[in-house]
Protein chains: 2
Amino acid sequence: MFPVMKPMIPSDATSKALSNADSAREDLSLHDEILTRLRDHIVEGNIPDGSRVPERQLCEMLKISRTPLREALKVLASEGLVELLPNRGARVKQLSEHDLGELFDVMGGLEGLAGRLACERITDAEIAEIERLHYEMYGFYLHRDMHGYFHVNQLIHQKIVEASRNATLQSSYANLAGRIRRIRYSANFARKRERWGEAMREHETILDALRRRAGSELSDILFAHLRNKRTAAVEHLAAGAVAAPEPV
Amino acid sequence: MFPVMKPMIPSDATSKALSNADSAREDLSLHDEILTRLRDHIVEGNIPDGSRVPERQLCEMLKISRTPLREALKVLASEGLVELLPNRGARVKQLSEHDLGELFDVMGGLEGLAGRLACERITDAEIAEIERLHYEMYGFYLHRDMHGYFHVNQLIHQKIVEASRNATLQSSYANLAGRIRRIRYSANFARKRERWGEAMREHETILDALRRRAGSELSDILFAHLRNKRTAAVEHLAAGAVAAPEPV
DNA sequence: GCCCGATAAATCGAATGCAATATGGCCTAA
DNA sequence: TTAGGCCATATTGCATTCGATTTATCGGGC
């Protein structure tokens, strides 16, 4: 039944085929690899919401035995991506409206913090880069290019978080972002035209506060910005956008 | 080498007392137990900073085999309490000054967020309770009872975080708090008299903003408050307070 | 015909075993 | 005497195995 399943793998440690660049520079632990792959697999939505996570199947997919897989699942559970039911295995955690709202608020708090810290540390060059992105985004807005808009939008928020120069913050942020990304609202947030314009105006004030390095003010703006995103997202969820587990 | 290290704690599985409601309805998963025990063991400082964590030894201490222990270690690594060296086991993660500074900033951001959210949701009764604690703390301050002061201080901050009514925020906060608590500054933060008075004044403004439910303002105050704590803590660390791994 | 209980299969959680790697001590040589 | 290499031991990482619990299937009772 397991035709291949060669237990040997004779020194072919590279069979994992780390295509990732960050692993190239160092012998990035063999099994963080598994963790990353499994996390990506889930975040990308390859497993339906709330469904059982078949250990056996994933084992042969990843070419490993159950032990390291289960270790990875435990970690993902602690990250909030899956939940472990006693004696009933792991399920992909389904985010309720309430959960999503909480997540957005915490993201808002962290982005606000990032903005505050960024104002203390950001360089003129970094601000110039964000300005450039901002105008690029504005261009996409004018051309109603939603895809381009969202891409640059993500980039701007990312730049602000990076400018905080706080690795702890960045990893916490990445963790929460992963949980949200699983439900790929991103492409749907601002479907409503009026919300889009509002978001664009908010970004104007973000850039303005950043230029003036007004940390406290920027913190407020970013939190409010995420609050509005939250409202749009939760309304979107309530409208049943995620009812269908299959990709649209 | 671990002179005391009582491995017993006989069947006292309930000692963890997960205050969380979602776990109450069921017989709290068999091995979250292990995770909690191991985490407490490390947070309480029973293992020297940066020292190897011999799996074997912990196994017999916890009366389990290596498999669940290793799962727990992986989770603790993802929480940032330990670090896993490939083929060289787990070490208790040693926090640098820089790490500590980052942690305090993120804690400050989260507490600020908690304050902001609390202002939206807190009840008069909860505010009254915090007021009561505040005056109790003030009493300890006047009597120079540092122990009592810190206890109530912790309680106040905890109450604010709880009043945010955001479980995601609370768990993130608890995670970071755990990392810091490992270095038990808590009893040493405000050794300096002038800082103590300053902190007390800050708490006055916290309570004031909370009464007025001025979320944005409270957010600023709490962040600044933690920033000051941070400064005191990092200076304390720089003074070599943690050089000795043994409890003071 | 439908529901319920019992048995069989499958799955989960933990323990053990085995190969690979690191650690420490010892010996040899300069 | 000291530095460097080699071997024995211990420890890690993963696979496999074993017991326990759950889930599915089947037969009997109402």
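Note that the structure is predicted; figures quoted are calculated from it, not measured. Naming: A, B, ... by sequence-line order, numbering from 1 per chain.
- Sorted by first and then second residue, the pairs that involve residues 87-96 of chain B and meet side-chain hydrogen bond (donor to acceptor under 3.5 Å, both in side chains), not counting sequence neighbours, are B:Ser96-B:Asp99.
- Proximity of A:Thr67 to the phosphate of D:dC14: no side-chain N or O atom is located under 4.0 Å from OP1 or OP2.
- No engagement by B:Ile34 is indicated, since no non-hydrogen atom pair under 4.0 Å with the nucleic acid exists.
- When the salt bridge (Lys or Arg N to Asp or Glu O under 4.0 Å) test is applied to A:Glu162, no partner is found at least two apart in sequence or on another chain.
- The side-chain contact (heavy atoms from CB on, under 4.5 Å) test applied to A:Thr168 returns A:Asn166, B:Glu102, B:Leu103, B:Val106, B:Leu176, B:Arg179, not counting sequence neighbours.
- Rounding to whole angstrom units, CD1 of residue A:Ile64 and P of D:dA15 are separated by 7 Å.
- Proximity of a side-chain donor or acceptor of A:Arg116 to a complementary backbone N or O of A:Ser219 within less than 3.5 Å is not detected.
- Note: CD (B:Glu60) to P (D:dT11) measures 11 Å, nearest angstrom.
- Partners of B:Ser65 by side-chain contact (heavy atoms from CB on, under 4.5 Å), not counting sequence neighbours, listed by chain and number: B:Thr67, B:Pro68.
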Where do N or O atoms of nucleotides 18-24 of chain D meet protein N or O atoms at under 3.5 Å, pair by pair?
none

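- When the side-chain contact (heavy atoms from CB on, under 4.5 Å) test is applied to A:Asn228, the partners found at least two apart in sequence or on another chain are A:Arg195, A:Glu198, A:Glu202.
- Rounding to whole angstrom units, CG of residue A:Leu69 and C1' of D:dG13 are separated by 15 Å.
- For the segment residues 71-82 of chain A, no residue has any heavy atom less than 4.0 angstrom from an atom of DNA chain C.
- Using a distance-only test at 3.5 Å, with no hydrogens or angles considered, a donor-acceptor pair links the side chain of B:Arg230 to the main chain of B:Gly101.
- For DNA chain C, the outermost nucleotides in 5' to 3' order that have an atom under 4.0 Å from a heavy atom of chain A are C:dT11 to C:dG13.
- In this structure, A:His31 places its NE2 atom 12 Å from P of D:dA15, rounding to the nearest Å.
- The salt bridge (Lys or Arg N to Asp or Glu O under 4.0 Å) search around B:Arg165 returns B:Glu126, not counting sequence neighbours.
- In this structure A:Gln170 satisfies the side chain to side chain donor-acceptor pair (under 3.5 Å) test with no other residue, sequence neighbours excluded.
- For the pair B:Arg56 CZ and D:dG13 P, the interatomic distance rounds to 13 Å; values are reported in whole Å.
- For A:Glu120, the salt bridge (Lys or Arg N to Asp or Glu O under 4.0 Å) partners at least two apart in sequence or on another chain are B:Arg227.
- The side-chain contact (heavy atoms from CB on, under 4.5 Å) check on B:Ser171 picks up nothing, with sequence neighbours excluded.
- What separates CZ of B:Arg70 from C1' of D:dT11 is a distance of 10 Å, to the nearest Å.
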